[in-house]
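Residues: numbered from 1 along the sequence shown.
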Amino acid sequence: MDTSPATVRRRPKNRKEQILESARALIVELGYRNVSMAQIADRVGITAGALYRHFANKSVLLAAVIEDGFADVTPEFGPRVRLAEALGESCELAATHRDVGALWWREARNLPDDLQDTMRHRLREINRRYAELIEIDRPNLRDGQAEELAWGCRRFSRARARTRHASPTPSSPHS
């Protein structure tokens, strides 16, 4: 007769992060519509039922994946941060998390309207923070110009991140 205490399986403390990482990888690779909750659960090593304990449905999981991605590429906006620092950090973050833009532009349409609105609000909030930094550096701008520049800065930082980590090209003889 076995008198040893029963072994209790405990889920890892980072299970939710494991799910988000696996879902993100599969969605980027295959596209949202081509990924099932069962595939995500299988990749994590759990049952689909266990996955549904963390996320009510696939669109809620997609929203969490996109929100997690936004968090990955948003620089820290502390009280002493300057625009150049925020943009530099943004470029580095965008370069190391290239899939975030693809997730938003390709997959956000699969979210229910309320979740799309939540994600758009998050983007506007990030842009507002950039606009505040621009207003500090350029206090003579007219109304709305800082916000327009902030959207431009965000686009520039994503483009710069893509080219910064692209394959090197041969130097021209004139450089």
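Annotation: side chain of Ile19 is in contact with side chain of Ile46 (closest heavy-atom distance under 4.5 Å). Using a 4.5 Å cut-off on side-chain heavy atoms (C-beta onward), Leu141 and Leu149 make contact. With a 4.5 Å cut-off on side-chain heavy atoms, Arg15 and Val44 count as touching. In this structure the side chain of Gln39 reaches within 4.5 angstrom of the side chain of Leu30, judged on heavy atoms. Side-chain contact between Phe55 and Leu51 is present, with at least one heavy-atom pair separated by less than 4.5 Å. Contact annotation: the side chain of Phe70 never approaches that of His97 to less than 4.5 Å [non-hydrogen atoms, C-beta and beyond]. With contacts defined as side-chain heavy-atom distances shorter than 4.5 Å, the pair Glu67/Val65 does not qualify. Using a 4.5 Å heavy-atom threshold, the side chains of Ile66 and Leu115 count as separate.
Rounded to the nearest 0.5 Å, atoms CD (Glu76) and CZ (Arg129) are 8.5 Å apart. To the nearest 0.5 Å, the span separating CD on Glu21 from CG on Asn14 amounts to 7.5 Å. Atom CG of residue Leu61 and atom CZ of residue Arg24 lie 12.0 Å apart, to the nearest 0.5 angstrom. Between Lys16 atom NZ and Arg53 atom CZ the span is 13.5 Å, to the nearest 0.5 Å. Atom CG of residue Leu87 and atom CG of residue Leu133 lie 8.0 Å apart, to the nearest 0.5 angstrom. The structure places CG of Asp68 at 5.0 Å from CG of Leu20, a figure rounded to the nearest 0.5 Å.
The two residues Glu135 and Ala146 make their nearest non-hydrogen contact at CG-CB, 3.4 Å. Counting all heavy atoms, side chain and backbone alike, Pro112 lies closest to Ser59 at CD-CB, 3.6 Å. Contact record, Ala23 with Ile40: CB-CD1, 3.9 Å, taken as the closest heavy-atom pair.
Within the structure, side-chain hydrogen bond (donor to acceptor under 3.5 Å, both in side chains) contacts touching residues 106-116 (residues at least two apart or in different chains) are Arg33-Asn110, Glu107-Asn110, Gln116-Arg120.
In this structure, the salt bridge (Lys or Arg N to Asp or Glu O under 4.0 Å) partners of Asp137, at least two apart in sequence or on a different chain, are Arg82. With sequence neighbours excluded, the residues satisfying ring pair (Phe, Tyr, Trp, His ring centres under 6.0 Å) with Phe77 are Tyr130.
Proximity of a side-chain donor or acceptor of Tyr32 to a complementary backbone N or O of Leu103 within less than 3.5 Å is not detected. Counting only distance, with no hydrogens or angles, the side chain of Ser22 and the backbone of Gln18 share a donor-acceptor pair below 3.5 Å.
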Legend entry - Test log, rule side-chain contact (heavy atoms from CB on, under 4.5 Å), inputs Ile136 and Leu83: CA-CA 9 Å; Ile136 291 168; Leu83 179 61; over 6 Å; no
